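Remarks on the structure that follows.
Quick caveat, the model's predicted, so the values are computed rather than measured. Heavy atoms only: backbone and side chains are in, while hydrogens, waters and symmetry mates are out.
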Amino acid sequence: MKPHPDSLQRFLFDQSHVRGELVHLDAAWRAVLERHDYPPALRTVMGELMAAATLLAAMLKLKGSLILQMQGQGPVTLLVVECDGELNVRATAKWQGELEGMSFTQMVGDGRFVITLDPRDGGKTYQSIVALDGDSVAEVLQHYMQRSEQLETRLWLAADAQGAAGLLLQQMPHEGGHGTSGEQDDDMWQRVTMLSDTVKPEELLGLPAEELIRRLFGEEDVRLFVAQHVAFRCTCSREKVGRMLKMLGRDEVDAVLAEKGEVAVNCEFCNHHYRFDRVDADQVFASEVVLGASDSVH
Ligand SMILES: [Zn+2]
């Protein structure tokens, strides 16, 4: 049996406040790899961050999108993964030079970890910036969750050229009154995290969620929820690129047009090429001319 492709499985340890999720990315992950030629060392980190982003997005049950950004000071200067509430995911990275044999810490150096929650409905965007604290993607996220959400969260992540996968466990806050006591929950938490520490990357990548849960937590009563589908999807569009050109300003765009005859913009996530010639540029700025007419009188 192989894992269900591109799926996220939520589960709960019965009669406790410990919950979990398993994710397996296949076509969604390969769609990222097909669009850029990432070095193997970077590929592993990106796949892990992509698995982590889907696990967190699913756990937060958000309506908008979650953006995880690692801004490094090493040869890897940027790692970005965006995942929305429907579990549509995209990712990209920027790096320079040779990364072969480098650890996570060597690749990103001292950097920043930026978490953005964009409600996508015009509501307020929430952003948190912390130091890149940890020797792996899982550690950075665990530290962040502990500090910001005050929730004990553990992650186990793996990625190769074919797939990316992850396991998340979290101790939910509880007011008491039903289910187990805090002490029983702590025992459960100790037990299931110790069991999860035995998981191997090849098991995360190669086993179906139900089988992995059975292997790791065979002694526990685990309740499984309906699996959710995960897909690669880029949210770029010609309209958005047009808005970006407007922000850049007419002079800047005209200068590029004069030099190159067109403005070419490449989406870093999906590698889609957008081209704007002079006629297109006139269209982009047409609305601004009307709107800005009164402002232009100095
Ligand atoms: Zn795109």
Side-chain angles (χ1 to χ4, degrees), residues 1-26 28-29 44-61 83 87 89 104 134-146 149 151-174 179-230:
M1 272 269 279
K2 299 189 82 180
H4 295 296
D6 297 299
S7 68
L8 186 134
Q9 175 74 60
R10 301 154 63 85
F11 59 92
L12 185 71
F13 293 97
D14 241 349
Q15 301 292 312
S16 83
H17 295 85
V18 179
R19 63 180 170 184
E21 289 175 353
L22 267 167
V23 72
H24 205 283
L25 302 171
D26 303 88
W29 170 225
T44 306
V45 175
M46 276 184 87
E48 289 183 358
L49 190 62
M50 195 153 147
T54 52
L55 290 167
L56 289 186
M59 199 191 62
L60 295 167
K61 295 189 183 112
C83 185
L87 304 187
V89 67
F104 171 76
D135 293 330
S136 66
V137 171
E139 275 188 22
V140 169
L141 285 158
Q142 279 161 198
H143 287 152
Y144 172 75
M145 290 301 289
Q146 245 152 20
E149 308 286 320
L151 290 176
E152 282 292 341
T153 308
R154 291 283 311 275
L155 289 138
W156 294 264
L157 306 165
D160 63 19
Q162 296 304 311
L167 164 65
L168 176 148
L169 292 180
Q170 188 172 67
Q171 203 171 8
M172 292 178 282
H174 65 103
T180 50
S181 69
E183 207 171 298
Q184 279 171 297
D185 271 348
D186 287 343
D187 286 348
M188 166 79 83
W189 178 250
Q190 294 294 337
R191 205 161 58 238
V192 296
T193 50
M194 260 171 64
L195 290 165
S196 300
D197 278 334
T198 67
V199 76
K200 298 184 185 79
E202 55 269 32
E203 290 177 307
L204 277 176
L205 291 166
L207 293 176
E210 308 81 41
E211 196 180 329
L212 188 54
I213 288 168
R214 208 174 323 121
R215 269 202 206 183
L216 289 173
F217 317 118
E219 304 287 303
E220 315 290 340
D221 288 323
V222 179
R223 200 186 312 170
L224 298 177
F225 297 92
V226 179
Q228 286 170 271
H229 187 64
V230 186

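- For the atom pair Leu12 CG and Arg19 CZ, the distance stands at 9.0 Å (nearest 0.5 Å).
- Heavy-atom minimum distance, Phe217 versus Val192: CE2-O, 3.6 Å.
- Looking at Leu216 and Val199, their side chains come closer than 4.5 Å, going by heavy atoms from C-beta outward.
- The shortest heavy-atom contact between Ala53 and Cys83 is O-CB, 4.1 Å.
- The line from CG of Leu8 to CG of Leu87 is 6.0 Å long, rounded to the nearest 0.5 Å.
- Atom NE2 of His143 has more than 12 neighbouring heavy atoms from other residues, nucleotides or ligands inside a 6.0 Å radius.
- Under a 3.5 Å cut-off, the side chain of Gln142 and the backbone N or O of Leu155 do form a donor-acceptor pair.
- Using a 4.0 Å cut-off between a side-chain N of Lys or Arg and a carboxylate O of Asp or Glu, Glu219 and Arg191 do not qualify as a salt bridge.
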Practice task
Give the intermediate values and the outcome of side chain to side chain contact (heavy atoms under 4.5 Å, CB included) for residues Leu157 and Leu55.
Solution key: CA-CA 10 Å; Leu157 306 165; Leu55 290 167; 4.2 Å; yes
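- The CD atom of Gln170 sits 8.5 Å away from atom CG of Leu56, with the distance rounded to the nearest 0.5 Å.
- Judged by distance alone, with hydrogens and angles left aside, the side-chain atoms of His24 form a donor-acceptor pair with the main-chain N or O of Leu205 at under 3.5 Å.
- The shortest non-hydrogen separation linking Ala164 to Gly47 is CB-O, 3.4 Å.
- Residue Leu168 holds its CG atom at 9.5 Å from OG1 of Thr54, rounded to the nearest 0.5 Å.
- Residues Asp160 and Trp29 come closest through the heavy atom pair O-NE1, 2.7 Å.
- Looking at Asp6, its side chain never comes within 3.5 Å of a backbone N or O of His229 through a donor-acceptor pair.
- Side chain of His4 to main chain of Pro208: no donor-acceptor pair is present (N/O by atom type, distance under 3.5 Å, no hydrogens or angles).
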Exercise for the section: Evaluate the criterion side chain to side chain contact (heavy atoms under 4.5 Å, CB included) for residue pair Asp221 and Phe13; output intermediate values, then yes/no. Expected result: CA-CA 6 Å; Asp221 288 323; Phe13 293 97; over 6 Å; no
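- One finds the CG atom of Leu22 at 7.0 Å from the CG atom of Leu204 (value rounded to the nearest 0.5 Å).
- Asp197 and Trp156 are linked by a side-chain donor-acceptor pair at a separation below 3.5 angstrom, with hydrogens and angles left out of the test.
- Note that CD of Glu152 and CG of Leu169 are 11.5 Å apart. Values are rounded to the nearest 0.5 Å.
- Of all non-hydrogen atoms in Glu139 and Asp135, the two that sit nearest each other are OE1-N, 2.9 Å.
- Side-chain contact between Gln15 and Gln184: absent, with no pair of heavy atoms (C-beta onward) separated by less than 4.5 Å.
- Using a 4.0 Å cut-off between a side-chain N of Lys or Arg and a carboxylate O of Asp or Glu, Arg215 and Glu211 qualify as a salt bridge.
- Across all their heavy atoms, Asp14 and Met188 have their closest contact at O-CE, 4.4 Å.
- In this structure, a donor-acceptor pair under 3.5 Å is absent between the side chains of Gln9 and Glu21.
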